[in-house]
Amino acid sequence: MNSTRAWEILKGNGYKKTDKRELILDMFAATDKYLTARDLLDVLKKDFPGMSFDTIYRNLATFVKLGILEETELSGERNFRMHCESEHHHHHFICMDCGNVKELNLCPMEMLGEKLPNYEIENHKFEIYGKCPDCKHETV
């Protein structure tokens, strides 16, 4: 997703364009990596010295609710990134060192679904964490 599409979604849901929201969305649009509220606060404090975690988390929650951002938990902390624009169902490998994300075009639910007969699965999330080849190579 890009910033233009994100603003279309926000405006379509009655949200106004603000400088803070614009900076937050620009930071996400500039990377494929996951960002934390701390990452955002460190940058936003330069332009908005009074910026708080509450403001950041309110905006992040809005962006997640509207499908602009996706959320995951890494090392006990909530992380966010722009929602994928892929048309097909997929999952991700996330490098725990550099934060790079690789799309995985497979889904374990095909195998797990048969293990849950008579259950209605409404949604699922599957992520793999580790080191990408570049980070793995650096530690050798």
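Computed from a prediction, not measured in an experiment: that's the story for all the values here.
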A.B. asks: Under the rule for ring pair (Phe, Tyr, Trp, His ring centres under 6.0 Å), what residues qualify as partners of H92, not counting sequence neighbours?
C.D. replies: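 Ring pair (Phe, Tyr, Trp, His ring centres under 6.0 Å) check on H92 returns H90.
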A.B. asks: Applying side-chain contact (heavy atoms from CB on, under 4.5 Å), name anything that partners S52, two or more places apart in sequence or on another chain.
C.D. replies: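 In terms of side-chain contact (heavy atoms from CB on, under 4.5 Å), with neighbours along the sequence ignored, S52 is linked to D54, T55.
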A.B. asks: Restricting to side-chain contact (heavy atoms from CB on, under 4.5 Å), what partner residues turn up for D39, sequence neighbours left out?
C.D. replies: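 Here the qualifying residues are L35, T36.
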A.B. asks: Enter the distance from N100:CG to Y34:OH here, rounded to the nearest 0.5 Å.
C.D. replies: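 Answer for the CG-OH pair, N100 versus Y34, is 12.5 Å.
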A.B. asks: Listed by chain and number, what are the side-chain contact (heavy atoms from CB on, under 4.5 Å) partners of K115, not counting sequence neighbours?
C.D. replies: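 Per chain and number, K115 pairs via side-chain contact (heavy atoms from CB on, under 4.5 Å) with no residue.
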A.B. asks: Could you note down all residue pairs passing salt bridge (charged side-chain N to carboxylate O under 4.0 Å, His left out) where residues 61-76 supplies at least one of them, sequence neighbours left out?
C.D. replies: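 Matches after skipping sequence neighbours: E70-R81, E71-R78.
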A.B. asks: Considering only residues two or more places apart or on different chains, which pairs with a residue in residues 6-15 satisfy salt bridge (charged side-chain N to carboxylate O under 4.0 Å, His left out)?
C.D. replies: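 As it turns out, the salt bridge (charged side-chain N to carboxylate O under 4.0 Å, His left out) pairs with a partner in residues 6-15, which skip direct neighbours, are R5-E8.
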A.B. asks: Mind listing the closest non-hydrogen atom pair of D32 and V101 along with its distance?
C.D. replies: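 Taking every non-hydrogen atom into account, O-CG2, 3.7 Å.
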A.B. asks: Please answer: with hydrophobic residues joined when any side-chain heavy atoms are less than 4.5 Å apart, are L10 and F80 in the same cluster?
C.D. replies: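 L10 and F80: one cluster.
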A.B. asks: Got a sec: does the NZ of K102 have more than 12 other heavy atoms crowding it under 6.0 Å?
C.D. replies: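 No, NZ of K102 has 12 or fewer neighbouring heavy atoms, counting only those of other groups under 6.0 Å.
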A.B. asks: Write down the atom of C132, the atom of C95, and the distance for their closest heavy-atom approach.
C.D. replies: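 Shortest heavy-atom separation between C132 and C95 comes out as N-SG, 3.3 Å.
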A.B. asks: Any link between L74 and V64 through a network of hydrophobic side chains (Ile, Leu, Val, Met, Phe, Trp, Tyr) touching at under 4.5 Å?
C.D. replies: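 In one cluster: no.
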A.B. asks: Please collect all ring-ring contact (aromatic ring centres under 6.0 Å, His included) contacts where either partner lies in residues 102-134, sequence neighbours excluded, each pair once.
C.D. replies: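 Applying ring-ring contact (aromatic ring centres under 6.0 Å, His included) to every pair that reaches into residues 102-134, excluding sequence neighbours, yields H89-H124, H91-H124, H91-F126.
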A.B. asks: Test of understanding: with salt bridge (Lys or Arg N to Asp or Glu O under 4.0 Å), list the residues that count as partners of K46, not counting sequence neighbours.
C.D. replies: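 Applying salt bridge (Lys or Arg N to Asp or Glu O under 4.0 Å) to K46 gives none.
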A.B. asks: What residues form a ring pair (Phe, Tyr, Trp, His ring centres under 6.0 Å) with F53, not counting sequence neighbours?
C.D. replies: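 F53 satisfies ring pair (Phe, Tyr, Trp, His ring centres under 6.0 Å) with no residue once adjacent residues are dropped.
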A.B. asks: Let me confirm one number: the CZ-CD1 distance from F93 to I128, rounded to the nearest 0.5 Å.
C.D. replies: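 Rounded to the nearest 0.5 Å, the CZ-CD1 separation comes to 7.5 Å.
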A.B. asks: Can you list every salt bridge (charged side-chain N to carboxylate O under 4.0 Å, His left out) pair that touches residues 19-28, not counting sequence neighbours?
C.D. replies: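 Residue pairs with at least one partner in residues 19-28: K17-E22.
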A.B. asks: Say whether, by atom type as modelled, one donor and one acceptor occur between the side chain of N79 and the main chain of E77 under 3.5 angstrom.
C.D. replies: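 Yes, N79 side chain to E77 backbone: donor-acceptor pair under 3.5 Å.
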A.B. asks: Linking I/L/V/M/F/W/Y whenever their side-chain heavy atoms sit closer than 4.5 Å, directly or via other members, would I68 and I24 fall into one cluster?
C.D. replies: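 In one cluster with I68: I24, yes.
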